Visitor: 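This is the structure I have questions about; it appears just below.
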Amino acid sequence: MNSLPVRVRFAPSPTGFLHIGGVRTALFNFLYARQHQGKFLIRIEDTDTERSEQRFTHDIMSSLQWLGMGADEPILYQSKRLPVYQGIAEDLVSKGLAYRCTCTEAEVEAAREQLIKDGKKPMYARTCREKNHAAGDRPYAIRAKFPLSGATSFTDLIRGEISFPNEDLDDFVMIRSNGVPTYNFVVVVDDVEMKISHVIRGDDHINNTPKQIFLYDALRAPKPLFAHLPMILGQDKKKLSKRNGETSTNAYREQGYLPEALLNFLVRLGWSHGDQELFTMEEMIKLFNLESVQVSGAVFNTEKLLWIAGEHMKKADPGRLIRILKQDFSKAFSEVSLSSLDSGYALSLIPHLQPKVKLLSELAGQLDPLLDTGVREVDSSALKWNKDEAQKARIKEAIAGLRTEFQSRISGGAFENLRAAGVDHAGIDSILRAKCDRFGLKLGDLTQPLRLFVTGHPSASIGLFDLLPLMPWNSVSARMDACLKS
RNA sequence: GUCCCCAUCGUCUAGAGGCCUAGGACAUUGCCUUUUCACGGCAGUAACCGGGGUUCGACUCCCCGUGGGGACGCCA
């Protein structure tokens, strides 16, 4: 359809950590670029020298990298292009498309407040519009000489035709009196410079679009296509912000969400493909389309995010999970556990844990006590056997028998664990059931204390029968001994 | 206040005039399964904002109302 090469961009301002809404905007741009074999670019909008901070730029870039959305060309920093913007603005002044304004901020502010008081739309009074101030009349700001009549309209790829009466639009400031350009101006200058073909952004920018269209015309530059995405809302249905939800991408990473889970959740906020809920990155790239993007806002629903996280956890590669655990969750492990994270034992446990946990933090919490070699302190006060001393003695007798049987299978240390000795899940099952029959116990009588001591975790998720064959025999026997002594 | 946008279960959504007795997913309720927790399986509760048109026929198209959101900065 459109033969123009697709070039899209994500243009965050480094005034805070990467916002989760920004991630979705970046994602939709990224998907669109990949699908059309186009370029996904990043531009740092740091013209607000007061609030922009380098650490936020670093945060944004590292978060995007974590999510797998890197730029296809060098990053453009607006703060490095200040003279360019000033030159272009002065040129527009000379062409009569903009003008110098010597009104002070205080004057403009006072006028605005008066208009609000009078119940009118707060707009600049255009005091300097026809004064033709010279370049020497410093300090001055440069304002757009916006047409007074007619209408400015554009066709949004998601919403269709949107039109604004020009009389409602302000002579907005392009260059501040300190020489620093403003957002609405630099956006257009840079989108032209970067040859952006599609501007895909949040719908809070719809009202900026007519101002920007004026600038494209003033610069005699071809206009890109616009697509305005619906907002992501908090539980209160208002624009998602720190007040009504967790907005920092880092927070989700720290909580243990897999990046692909976060992306999958975000892509479904405002976009759908029939009844499909789960998508891999490849599927998203293949199936994404702007036509199926929703027009109304979407509430950020943490429960569903968690469910999606669990689904992706099941599918993740075990080796990769270990790597992420080492990199991002090392604090969740004891020194010993951390050192055995690279072992075959650790890797063998992962598949048994994957269906049971949703977050990497949970995975770490489950794994840590299993990898520890010593005996983990556990609180056994809730065990049922505490209610009946005779029963407790009988259970311990059975467990002691079990230990002896396991020991003989291990052949005095010839095998590192029960699996190596030929005892698998089914083997554990039959051995335990046989013991229960012999001692007149129910399976649960035996497994409850055994599970607590062997896992070393008050609410271990892994199946005991899965764990027993895999855990190094040294650990199993030590923990069974601890159980017998309790 | 002015301008712009929007409106299907609690939430994310399917629905492009008859396929709708409105489908799926999350959450929720009940049951089953079960070595704790969980997973899983089965079943259930739950929605087209209101009013006018257009049409043989509107969840779907148009208008009005109502409601919600966004924007009105020398922030981005």
Side-chain angles (χ1 to χ4, degrees), chain A residues 11-16 45-48 50-52 101 103-105 108-109 112 115-124 139-143 156 159 162-165 167-170 172-184 186-187 202-210 228 230-231 233 235 237-239 265 268-278 291-292 294-308 310 314 355-358 366 382 384 428-429 432-433 442-448 450-452 455 457-466:
Chain A
S13 65
T15 54
E45 310 226 324
D46 50 0
T47 53
D48 184 348
E50 301 277 298
R51 296 193 300 155
S52 294
C101 170
C103 298
T104 64
E105 283 186 63
V108 173
E109 184 58 31
R112 163 173 290 105
L115 284 168
I116 291 173
K117 207 178 289 179
D118 296 346
K120 291 181 182 151
K121 183 178 171 71
M123 280 177 78
Y124 173 61
Y140 62 84
I142 295 179
R143 286 181 180 273
D156 187 277
R159 288 152 216 269
I162 299 177
S163 183
F164 297 82
E167 58 185 333
D168 292 326
L169 295 160
D170 220 344
F172 61 96
V173 170
M174 290 157 51
I175 303 283
R176 301 175 175 92
S177 48
N178 66 2
V180 179
T182 64
Y183 165 77
N184 276 119
V186 292
V187 149
D203 70 13
D204 47 346
H205 285 294
I206 288 180
N207 292 280
N208 288 325
T209 308
H228 288 96
M231 293 279 91
L233 279 20
Q235 295 295 342
K237 301 246 183 185
K238 292 189 197 303
K239 193 172 165 178
F265 172 69
R268 284 288 289 102
L269 241 39
W271 176 80
S272 60
H273 180 256
D275 287 340
Q276 187 170 349
E277 299 286 351
L278 270 13
E291 296 71 45
S292 299
Q294 194 79 7
V295 281
S296 53
V299 174
F300 191 95
N301 180 242
T302 314
E303 283 90 30
K304 188 153 184 177
L305 168 60
L306 199 57
W307 173 74
I308 289 177
K314 288 178 196 165
K356 317 257 182 176
V357 302
K358 296 176 162 64
Q366 288 292 330
K384 263 188 289 185
I428 299 286
D429 187 285
L432 255 71
R433 285 181 199 279
K442 286 181 292 179
L443 196 53
D445 296 332
L446 217 50
T447 57
Q448 200 203 5
L450 219 40
R451 143 182 299 282
L452 177 65
T455 61
H457 193 292
S459 56
S461 296
I462 194 167
L464 179 64
F465 300 179
D466 292 317

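Basis for what follows: all heavy atoms, side chains included, without hydrogens, waters or symmetry-related copies. Computed from a prediction, not measured in an experiment: that's the story for all the values here. Below, chains carry the letters A, B, ... as their sequence lines are ordered, and counting in each starts from 1.
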Visitor: Please name the pair of heavy atoms, one in A:Arg451 and one in A:Leu464, separated by the smallest distance, quoted to 0.1 Å.
Guide: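 Smallest interatomic distance, heavy atoms only, reads NH2-N, 3.4 Å.
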Visitor: What does the B/S/- profile of nucleotides 32-46 of chain B look like, 5' to 3', with a 4.0 Å heavy-atom cutoff to protein?
Guide: ---BBBBSS------
Visitor: Could you check whether any side-chain heavy atom of A:Cys101 comes within less than 4.5 Å of a side-chain heavy atom of A:Tyr124, counting everything from C-beta outward?
Guide: yes
Visitor: Using atom CG of A:Asp204 as one end and atom C1' of B:rC3 as the other, report the distance to the nearest whole Å.
Guide: 15 Å
Visitor: Starting at atom CG of A:Asp168, determine the distance to atom P of B:rU2, rounded to an integer number of angstrom.
Guide: 11 Å
Visitor: Considering all heavy atoms of both residues, which atom of A:Asp466 and which atom of A:Ile462 are nearest to each other, and what is their separation?
Guide: CB-CG1, 4.4 Å
Visitor: Look at A:Thr47 and B:rA76 and indicate whether a side-chain polar atom (N or O) is within less than 4.0 Å of OP1 or OP2.
Guide: yes
Visitor: Tell me what A:Arg51 touches on the nucleic acid: a base, only sugar-phosphate, or nothing, going by heavy atoms under 4.0 Å.
Guide: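 Base: the residue A:Arg51, judged by heavy atoms under 4.0 Å, touches a nucleobase.
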Visitor: Hey, which of these two, A:Tyr124 or A:Asp203, hits RNA chain B nearer its 5' end, going by closest nucleotide?
Guide: A:Asp203
Visitor: Distance between the C1' atoms of B:rC62 and B:rC26, in whole angstroms?
Guide: 36 Å
Visitor: Go through the steps for A:Leu305 and A:Phe300 under the test side-chain contact (heavy atoms from CB on, under 4.5 Å), then give the verdict.
Guide: CA-CA 9 Å; A:Leu305 168 60; A:Phe300 191 95; 4.0 Å; yes
Visitor: Using atom CG of A:Leu278 as one end and atom P of B:rA25 as the other, report the distance to the nearest whole Å.
Guide: 12 Å
Visitor: Using a cut-off of strictly less than 4.0 Å, decide whether A:Lys238 has a side-chain nitrogen or oxygen near OP1 or OP2 of B:rG69.
Guide: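 True: A:Lys238 side-chain N/O within range (under 4.0 Å) of B:rG69 OP1/OP2.
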Visitor: Could you go step by step and tell me if A:Phe164 and A:Thr209 meet the side-chain contact (heavy atoms from CB on, under 4.5 Å) rule?
Guide: CA-CA 10 Å; A:Phe164 297 82; A:Thr209 308; 5.6 Å; no
Visitor: When you compare B:rC56 with B:rG17, how far apart are their C1' atoms, in angstrom units rounded to a whole number?
Guide: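 About 12 Å, rounded to a whole number of Å.
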Visitor: Restricting to non-hydrogen atoms, name the atom on A:Leu278 and the atom on A:Gln276 that form the minimum distance, rounded to 0.1 Å.
Guide: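 Heavy-atom minimum between the residues: O-NE2, 2.8 Å.
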Visitor: Report yes if a donor N or O on one partner sits less than 3.5 Å from an acceptor N or O on the other, where the partners are the side chain of A:Thr182 and the base of B:rC74; otherwise report no.
Guide: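 No pair found.
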Visitor: Looking at every non-hydrogen atom in both residues, tell me the closest pair between A:Val299 and A:Leu269 and how far apart they are.
Guide: O-CD1, 3.9 Å
Visitor: Would you indicate which nucleotide in B:rG73, B:rC4, B:rA76 comes nearest to any side-chain atom of A:Asp170?
Guide: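 Output: B:rG73.
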Visitor: Taking the same atom, P, in B:rC32 and in B:rA7, what whole-Å distance lies between them?
Guide: 44 Å
Visitor: Using modelled atom types and a 3.5 Å cut-off, is there a donor and acceptor pairing between side-chain atoms of A:Asn178 and backbone atoms of A:Val180?
Guide: yes
Visitor: Please list, pair by pair, any protein nitrogen or oxygen found under 3.5 Å from a nitrogen or oxygen in nucleotides 60-66 of chain B.
Guide:
none

Visitor: What does the B/S/- profile of nucleotides 11-24 of chain B look like, 5' to 3', with a 4.0 Å heavy-atom cutoff to protein?
Guide: SBSS--------BB
Visitor: What's the gap between B:rU8 and B:rC3 when it is taken at their P atoms, as a whole Å value?
Guide: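 After rounding to an integer number of Å, I get 25 Å for this pair.
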Visitor: Check every strand shown and say whether A:His228 touches a base, only sugar-phosphate, or nothing at a heavy-atom separation below 4.0 Å.
Guide: nothing
Visitor: Can you see which heavy atom on A:Glu277 is nearest to which on A:Lys304, and at what distance?
Guide: OE1-NZ, 3.1 Å
Visitor: If every non-hydrogen atom of A:His228 is compared with every non-hydrogen atom of A:Gly202, which pair is closest and at what distance?
Guide: CD2-O, 3.4 Å
Visitor: Determine the contact category for A:Cys103: base if any of its heavy atoms lies under 4.0 Å from a base atom, sugar-phosphate if only primed atoms, P, OP1 or OP2 are that close, otherwise nothing.
Guide: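 Since a base atom lies under 4.0 Å of A:Cys103, the category is base.
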Visitor: Working to the nearest 0.5 angstrom, can you tell me the gap between A:Leu115 CG and A:Met123 CE?
Guide: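 Spacing of CG (A:Leu115) from CE (A:Met123) equals 9.5 Å.
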Visitor: In whole Å, I'd like the distance from the CZ atom of A:Arg159 to the C1' atom of B:rA7.
Guide: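 Value for this atom pair: 13 Å.
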Visitor: Mind checking who B:rC61 pairs with, Watson-Crick or G-U wobble, both distances under 3.5 Å?
Guide: B:rG53
Visitor: What does A:Ser163 touch in the nucleic acid at a heavy-atom separation under 4.0 angstrom: a base, only the sugar-phosphate, or nothing?
Guide: sugar-phosphate
Visitor: For B:rC3, which nucleotide is its Watson-Crick or G-U wobble mate, given both distances must be under 3.5 Å?
Guide: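 The answer is B:rG70, by the H-bond criterion.
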Visitor: Roughly how many Å is it from CE in A:Met123 to P in B:rG1, rounded to a whole number?
Guide: 19 Å
Visitor: With both distances kept under 3.5 Å, what pairs with B:rC26, Watson-Crick or G-U wobble?
Guide: B:rG10
Visitor: Separation of A:Tyr183 atom OH from B:rC72 atom C1', in whole Å?
Guide: 15 Å
Visitor: Which part of the nucleic acid, if any, lies within contact of A:Asn178, taking any heavy atom under 4.0 Å across all strands shown: a base, the sugar-phosphate backbone alone, or nothing?
Guide: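 Nothing: the residue A:Asn178, judged by heavy atoms under 4.0 Å, touches no strand.
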Visitor: Sticking with atom P, work out how far B:rG51 lies from B:rA16, rounded to a whole angstrom.
Guide: 24 Å
Visitor: Can you check whether A:Val173's main-chain N or O pairs, donor with acceptor, with A:Thr182's side chain at less than 3.5 Å?
Guide: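 Side chain of A:Thr182 to backbone of A:Val173: a pair is present.
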Visitor: Taking the C1' atom in each of B:rU11 and B:rA27, what is the distance between them to the nearest angstrom?
Guide: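 The same atom, C1', in both gives a distance of 8 Å.
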Visitor: Given atom CE of A:Met231 and atom C1' of B:rA71, what is their separation to the nearest angstrom?
Guide: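 Atom-to-atom, A:Met231 to B:rA71, this comes out as 11 Å.
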Visitor: Taking pairing as Watson-Crick or G-U wobble with both contacts under 3.5 Å, can you name the mate of B:rU45, or confirm there isn't one?
Guide: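 Pairing partner: none.
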Visitor: Can you confirm whether A:Asp203 sits close enough to A:Arg159 that some side-chain heavy atom of one is under 4.5 Å from a side-chain heavy atom of the other?
Guide: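 Heavy-atom side-chain distance check passes, below 4.5 Å.
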Visitor: Can you tell me, in whole Å, how much space there is between the C1' of B:rA46 and that of B:rU55?
Guide: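 About 32 Å, rounded to a whole number of Å.
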Visitor: Distance between the P atoms of B:rG18 and B:rG52, in whole angstroms?
Guide: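 Those two atoms are separated by 23 Å.
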Visitor: Answer yes or no: is there a side-chain heavy-atom contact under 4.5 Å between A:Gln366 and A:Lys356?
Guide: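 Side-chain contact under 4.5 Å: no.
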Visitor: Can you tell me how far C1' of B:rA27 sits from CD1 of A:Ile308, to the nearest Å?
Guide: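 Whole-Å distance recorded here is 13 Å.
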